[in-house]
Amino acid sequence: MNSEKNDLKIKDVLFSKEDLNKKINQVGMQITEDYKDKESDGVIALCVLKGACFFFSDVVRSFDFKLYLDFVVASSYQNSSKSSGKINILKDCNMDVKGKHIILVEDIYDTGLTLQFLREHYIKKGAASVEICVLLNKQYENTKDFVKYTCFDCPDEFVVGYGIDYAEQFRYLPYVGAVDTKNLD
Ligand code: IMP
Ligand code: MG
């Protein structure tokens, strides 16, 4: 890691702790409305690690129906600020998804490659349904059919915090901020 990467600073707070709490609770109520009659089939909230870790833990605790939790690790960025375009599943969901309703919980929709790949993967494995829930959507206008739940339309910035990283830095921040991209690769 070079010194420029270590010197990165947050230039703006885009979504404060309060903004995140309020919106995530609203989305949680909406998901509860949509899923409460599906709980007998089995609903799995599937966290796309690591970026969605805090979002996932907050949003699932705002749901009011019975559900299972599981985790998947997918990678496309490989310590860079640009997607490599190739998705790898490094750790898959442990539960049997057949006949279950999956809610894929992800930090950011950008090119959509990660979520399209994961959605197909769980449909092929026999999930009854797969819906997408993201904290931030960088393509909000174009993805209304694909991404069912978006907390925030995300400006065209490289964002970090609340689980989201740049080269593993900044995940611990309690808010989402933008970093200066001029020194990023
Ligand atoms: P996609 O496959 O291009 O949609 O990539 C989405 C993934 O890229 C997210 O889960 C993030 O891990 C990462 N990503 C996209 N934009 C950003 C950003 O601004 N900051 C940090 N990670 C990002
Ligand atoms: Mg990610």
Side-chain angles (χ1 to χ4, degrees), residues 1-2 4-17 19-20 23-24 27 45-60 69-93 102-123 130-185:
M1 202 177 283
N2 64 33
E4 285 168 344
K5 287 183 181 177
N6 285 326
D7 289 345
L8 282 180
K9 298 236 161 34
I10 307 294
K11 58 172 186 173
D12 284 313
V13 174
L14 298 178
F15 305 108
S16 69
K17 213 168 158 175
D19 297 335
L20 295 168
K23 187 69 196 184
I24 290 168
V27 170
L46 194 51
C47 175
V48 185
L49 287 171
K50 300 177 198 171
C53 62
F54 298 135
F55 173 45
F56 180 78
S57 66
D58 286 339
V59 81
V60 298
L69 308 182
D70 212 329
F71 301 87
V72 56
V73 182
S75 149
S76 75
Y77 271 50
Q78 284 142 3
N79 282 353
S80 160
S81 64
K82 294 184 187 71
S83 172
S84 69
K86 188 177 175 316
I87 314 302
N88 294 308
I89 294 187
L90 306 178
K91 182 235 165 272
D92 205 348
C93 170
I102 308 291
I103 307 170
L104 268 174
V105 181
E106 170 66 310
D107 54 358
I108 302 173
Y109 183 103
D110 184 9
T111 65
L113 286 171
T114 310
L115 286 166
Q116 281 158 19
F117 180 88
L118 290 174
R119 186 166 187 275
E120 280 300 303
H121 178 72
Y122 294 114
I123 287 170
V130 182
E131 296 292 1
I132 312 282
C133 171
V134 297
L135 178 68
L136 305 174
N137 193 336
K138 290 189 170 177
Q139 311 285 336
Y140 185 64
E141 288 306 321
N142 309 320
T143 59
K144 286 180 184 145
D145 293 336
F146 182 72
V147 180
K148 187 149 185 197
Y149 308 101
T150 289
C151 292
F152 299 99
D153 186 2
C154 185
D156 188 20
E157 297 273 5
F158 196 82
V159 299
V160 295
Y162 194 60
I164 302 164
D165 74 313
Y166 172 65
E168 296 300 331
Q169 300 177 82
F170 303 112
R171 289 195 197 275
Y172 61 90
L173 296 173
Y175 57 83
V176 173
V179 289
D180 216 326
T181 46
K182 64 177 184 293
N183 291 328
L184 302 190
D185 60 10

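Indexing begins at 1, ligand by ligand and atom by atom, following the structure's order. Below, each value reflects all heavy atoms present in this structure, side chains not excepted, and no hydrogens, waters or symmetry copies.
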A.B. asks: Minimum heavy-atom separation for Q116 to T111, with atom names?
C.D. replies: NE2-O, 4.4 Å

A.B. asks: Within the 4.0 Å heavy-atom shell around I164, which atoms of ligand 1 are there?
C.D. replies: 20 (N), 21 (C), 22 (N)

A.B. asks: With side chains defined as the heavy atoms from C-beta onward, is the minimum distance between D107 and F55 less than 4.5 Å?
C.D. replies: no

A.B. asks: If the contact criterion is a heavy-atom separation under 4.0 Å, does Q116 count as touching ligand 1?
C.D. replies: no

A.B. asks: What's the shortest heavy-atom distance between V176 and G161, and which atoms?
C.D. replies: CG2-O, 4.2 Å

A.B. asks: Pick from V73, V72, L49: which one makes a side-chain contact (heavy atoms from CB on, under 4.5 Å) with L90?
C.D. replies: V73

A.B. asks: What are the atoms of ligand 1, with element, lying closer than 4.0 Å to any heavy atom of E106?
C.D. replies: 9 (C), 10 (O)

A.B. asks: Side chain, backbone, both or neither: which applies to E157 and ligand 1 if a contact is any heavy-atom pair less than 4.0 Å apart?
C.D. replies: backbone

A.B. asks: Between F170 and I10, does the side-chain contact (heavy atoms from CB on, under 4.5 Å) criterion hold? Intermediate values first, please.
C.D. replies: CA-CA 9 Å; F170 303 112; I10 307 294; 4.0 Å; yes

A.B. asks: Check each atom of ligand 1 against the heavy atoms of K138 and keep those under 4.0 Å away; list them by number with element.
C.D. replies: 16 (N), 17 (C), 18 (C), 19 (O)

A.B. asks: When you measure from atom 10 (O) of ligand 1 to each heavy atom in D165, D107, T111, V48, which option holds the nearest one?
C.D. replies: D107

A.B. asks: For atom 4 (O) of ligand 1, state which one of G112, C154, S75, A74 supplies the nearest heavy atom.
C.D. replies: G112

A.B. asks: Any N or O on V160 sitting closer than 3.5 Å to an N or O of ligand 1?
C.D. replies: no

A.B. asks: Where do L46 and Y122 land on the side-chain contact (heavy atoms from CB on, under 4.5 Å) test, with the steps shown first?
C.D. replies: CA-CA 11 Å; L46 194 51; Y122 294 114; 3.5 Å; yes

A.B. asks: Heavy atoms only: which of F117, F158, F170 is nearest to atom 21 (C) of ligand 1?
C.D. replies: F158

A.B. asks: Take the angle between the ring planes of F54 and Y162 and call it parallel below 30°, perpendicular above 60°, tilted in between.
C.D. replies: tilted

